[in-house]
Each structure stands twice: as C-alpha cells, then as structure tokens.
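A short worksheet on the structure shown next.
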Amino acid sequence: MAKAAEKDGCAMKAGKGCLGFFLGPAMLVMAVYLLFNNEGDYLNTAQALDELQPLVQQVENTATPDAALEGKPVHLSGTATTGDVLVDEAYGVQAQGIMLRRNVQYAQWVEKKKKRIGDDKKPSYMTDTEYRRSRDNEWIYSYHLAWVNEPVNSATFHHEEYRSANYTHYKADTQEQWATDVQVGSYKLTNSQINRITSDGKRVTPQLVPATLQKHAMLHGEYLFIGRAPEGSSYYPLDPQAPSVGDVRISWRQTSPQRPVSLVAVQKGNSFEPYTATNGAVIDLFYTDTLGLPQCFEEARTTNTMNLWMVRMGGWLMFWGAFACMLRPLAGMVPVCRKLAEAGAEVISLLLGTICSLLTISVSWLFCRPVFAVLMLLAIIALIWLLMKKQRKRAKAVTRS
C-alpha cells in the first residue's frame with residue numbers, strides 16, 4: 001500500500017465553487033421533480049392495490065387452466081420448474097436451471113481518496129512544522145490490489161508510480177442467461193416474471209479449461225483463473241488470495257430449476273398479464289416464496305411504503321446537498337472563523353433542505369391529499385414561526401448585552 005497527499009489549491013477551490021453554483025440549482029430541480037412525482041405514484045399504487053384485492057380469485061388447481069378465470073385477476077402459488085439447460089458455450093459450462101450467471105473479476109490496483117481534517121493525527125510524511133501550519137484539508141490517497149468487476153483506468157491515479165500499473169491479460173463480459181420455458185403446473189410464466197425469480201446462488205463448478213486458454217489458465221475450486229503466458233512457458237496464479245495485477249477469475253452461479261413462487265396477475269390463456277387499475281396504475285405482483293393472497297398484498301403495500309420513504313429521504317438529501325453546494329463556497333471565502341462559517345453553512349443547508357422537502361411534499365398533496373396538505377403546510381408555518389421567534393430572542397439578548 002502506498003500513500004500520497006495534496007492540498008486543495010486556490011484554483012481548485014474556485015473551481016469547486018463555480019461547480020457548486022451550477023450543480024446546486026440543477027439538484028434543486030431534480031429534488032422537486034423526484035418528490036412531487038413520488039407522492040402521486042405512491043397514492044396511485046395504494047389505490048390500485050385496494051381496488052384489485054377484492055377482485056382476485058384463487059387458482060385451486062394448476063394442472064389445467066380454468067376457462068372461467070380467463071381475463072380475471074388470479075392468485076397462484078406453487079413451484080416454478082424448468083427443463084431448460086443453459087450453456088455458456090465460450091467456457092463449456094452448462095447447468096439446468098432458471099438462470100445461469102457468469103461473473104468476471106479482474107485483479108487491479110484500486111485508488112482510495114480520503115479527506116484529512118486539520119485536527120486529525122499527523123501523517124508520517126509531514127514534519128511537525130508542516131502539520132502545525134496546515135490549516136486546509138488534505139486529500140490522502142492509498143492504493144491496494146483487489147478483485148474488481150471492471151478493469152480500472154490507472155492513468156488518472158494521483159500517484160505517478162501507479163498511473164501505468166493496471167493492465168489485463170484477458171477480457172470477458174459478465175452475462176446472464178435465462179430460461180424461456182418456466183411453468184407452474186400448466187401455467188407458463190412471462191419473461192418479466194421469470195426475470196424476477198431471485199437466485200439461490202447455487203455454484204456451478206467449471207470442469208475443463210477451454211482449448212484457447214490451455215497455456216495460461218487453470219481451475220481452482222469454483223473459479224477459472226486466467227493469467228499471462230510468457231513465450232514457451234505458462235503462468236498460473238497459485239494463490240487466489242494474493243493475485244498478480246492483470247489476472248482474471250471467472251465463476252458461475254445458477255438459479256435452481258425448481259423455485260417456490262407466488263403471483264397475482266390477470267389470467268390470459270395459460271399465461272398471465274399485468275392488471276391495469278382504473279387510475280392507470282399497473283399491478284403485477286410476483287414473489288419467490290410461498291405466500292397466500294393476504295400476504296402478497298401485505299408485501300406489496302410494505303414495498304410501496306418503503307419506496308415512498310426511500311425516495312423522500314433521497315429527495316431530502318438532494319435538497320440538503322443542493323443548498324450545501326451553493327453555501328459552502330461562500331463560507332469558504334470568509335477570512336476569519338472559516339470553520340465556524342462552514343459549520344453554519346451546513347446547519348443552514350440542513351434547515352433549508354428540510355423546509356423545501358416538506359413544502360414540495362405538501363404542494364404535491366394539494367393535488368392528491370388536500371386535507372393532509374393543509375396540515376403539513378400548517379406544520380411548516382409553525383416551524384418557520386418558531387425559528388423566527390428563536391432568532392428574535394437571540395437578537396434581543398445580543399442587544400441587551
């Protein structure tokens with residue numbers, strides 16, 4: 001491992017400031033769009049689930065499609081099976097299953113960038129005098145060899161010693177193959193449903209080294225290792241825990257040919273199609289588990305609520321980051337008490353981000369939840385009033401003193 005450090009110069013700080021003033025407004029627009037649409041999507045999905053649940057009928061026998069259920073929403077639970085044999089012809093690997101995945105990894109030098117705050121422990125490469133004089137933040141770079149999913153471009157590394165360190169002996173693509181004929185009894189699953197069957201991660205061990213790789217590859221457990229091949233000799237990475245840069249390892253995983261599934265969809269012949277609610281929302285429930293009808297809808301509502309709050313959190317963070325991008329450069333220009341100004345900018349960014357998030361959600365609710373919208377707006381007004389009241393008290397205290 002190697003380390004290097006650099007300080008943010010004036011040009012870099014000015015560049016970051018300009019970038020912040022351009023990036024901040026763009027993030028504000030994205031946050032408004034994200035939060036505004038998220039509330040409507042959540043409500044439409046919730047209403048569609050409430051509309052669909054009373055209409056669903058149970059498929060009692062999967063041996064033969066029931067003609068009386070044609071075009072109606074149905075619930076089905078059983079075991080998805082397939083006889084398809086999936087083959088990775090390039091490496092002679094095959095397995096009977098719903099999915100076969102080829103994973104390719106490369107041994108590469110990886111750069112990590114860490115920011116050291118001025119009051120951190122003194123780095124070994126700095127003298128005591130340099131450390132005492134250091135008021136600005138520093139970037140500390142470290143390098144280590146690791147297995148990664150894509151080759152790493154080392155030309156942009158900070159440390160010159162590592163800029164030409166990465167290369168690969170061999171290039172391959174990670175890929176997935178899916179079975180096309182997967183059935184639950186006599187019902188055939190759609191491609192969309194098949195692709196949502198979660199993998200059980202069963203390993204597929206390669207049995208042979210392809211003829212084109214005989215000179216510079218070897219089998220080791222579940223992996224096919226590929227290294228360099230100098231003239232007249234071979235190279236094998238003997239220790240998988242200590243690879244050489246440029247080495248490649250390939251492994252395979254499969255989804256077993258039998259997996260428990262549960263679904264809620266509209267029966268169409270011996271297959272299915274999604275249900276379209278009156279509000280336009282499309283519902284196609286599918287789970288890799290044995291679930292009853294109430295459990296399927298419970299899972300769907302839970303997922304809908306989780307998605308709502310995840311997007312809300314993402315929008316709030318985006319608002320916070322947008323204001324921080326615009327206020328941090330201004331705080332950095334303060335000649336004295338710069339750390340205090342930067343901390344104040346963070347607090348102000350947090351407050352503005354919170355208020356704008358609540359306002360955006362409230363405005364979106366005016367269209368879909370008018371009552372809740374009024375309550376939310378009142379809460380925001382109360383929050384602003386409390387902040388203003390607190391600020392006035394501080395101003396009076398300063399004036400008296």
Side-chain angles (χ1 to χ4, degrees), residues 1-27 30 102-118 120-127 130-131 133-175 216 223 225-230 235 237 239-251 314 317-318 320-322 324-333 342 346 349:
M1 179 185 289
K3 289 187 176 181
E6 69 172 4
K7 294 181 180 180
D8 290 344
C10 294
M12 182 176 292
K13 290 179 179 179
K16 288 181 178 179
C18 294
L19 179 62
F21 283 114
F22 284 106
L23 183 61
M27 291 177 65
M30 291 175 61
R102 178 207 299 168
N103 301 299
V104 184
Q105 293 181 304
Y106 303 86
Q108 299 279 275
W109 285 101
V110 178
E111 178 183 75
K112 287 190 175 181
K113 186 177 180 181
K114 178 183 176 183
K115 205 164 191 178
R116 185 190 69 82
I117 308 302
D120 285 348
K121 184 178 179 180
K122 180 178 74 67
S124 59
Y125 55 82
M126 293 179 65
T127 64
E130 290 173 335
Y131 180 69
R133 291 177 179 174
S134 177
R135 298 181 59 186
D136 294 333
N137 294 331
E138 286 185 325
W139 290 109
I140 300 178
Y141 298 83
S142 62
Y143 302 85
H144 66 282
L145 196 63
W147 289 108
V148 295
N149 294 327
E150 292 290 340
V152 177
N153 181 14
S154 60
T156 59
F157 283 178
H158 174 76
H159 203 299
E160 294 184 3
E161 178 183 350
Y162 290 90
R163 288 180 183 171
S164 59
N166 280 340
Y167 52 88
T168 57
H169 309 301
Y170 182 82
K171 185 72 171 66
D173 295 322
T174 295
Q175 68 175 31
H216 54 113
Y223 293 102
F225 282 90
I226 305 172
R228 65 179 182 271
Y235 169 82
D239 186 359
Q241 303 302 321
S244 299
V245 63
D247 289 350
V248 179
R249 70 180 186 183
I250 305 177
S251 61
L317 292 174
M318 198 173 293
W320 182 8
C325 284
M326 294 184 286
L327 294 179
R328 277 178 191 159
L330 297 177
M333 297 177 184
E342 291 177 348
E346 290 292 341
S349 300

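None of these values were measured; they are calculated from a predicted model.
With ring centers used as reference points, Tyr143 lies 6.0 Å or more from Trp109.
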TODO: Given side chain to side chain contact (heavy atoms under 4.5 Å, CB included), test Val110 with Val148 step by step and report yes or no.
DONE: CA-CA 9 Å; Val110 178; Val148 295; 3.8 Å; yes

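Considering only heavy atoms from C-beta on, Gln105 stays 4.5 Å or farther from Ser251 through its side chain. You'll find the side chain of Asp247 stays beyond 4.5 Å of the side chain of Tyr170, heavy atoms only.
Shown here are the side-chain contact (heavy atoms from CB on, under 4.5 Å) partners of Ser154, two or more places apart in sequence or in another chain: Phe157, Asn166.
Aromatic ring pairs are classed by plane angle as parallel below 30°, tilted from 30° to 60° and perpendicular above 60°; the pair His158 and Tyr141 is parallel. The aromatic rings of Phe225 and Tyr223 are tilted relative to each other, their planes meeting at an angle between 30° and 60°.
With hydrogens and angles ignored, the 3.5 Å screen pairs a side-chain donor or acceptor of Thr174 with a backbone N or O of Val104. The closest donor-acceptor contact from the side chain of Gln108 to the backbone of Val152 lies under 3.5 Å. At distances below 3.5 Å, not a single donor-acceptor pair connects side-chain atoms of His216 with backbone N or O atoms of Ile226. Asp173 contributes no side-chain N or O that, together with a main-chain N or O of Gln175, makes up a donor-acceptor pair within less than 3.5 Å.
Across Cys325 and Leu23, no two heavy atoms sit closer than the pair SG-CD2, 4.1 Å. Here the shortest heavy-atom pairing between Lys112 and His144 reads CE-CE1, 3.5 Å. Contact record, Leu145 with Ala107: CD1-C, 4.3 Å, taken as the closest heavy-atom pair.
Across His169, Arg249, Lys171, a single residue satisfies side-chain contact (heavy atoms from CB on, under 4.5 Å) together with Tyr106, and that is Lys171.
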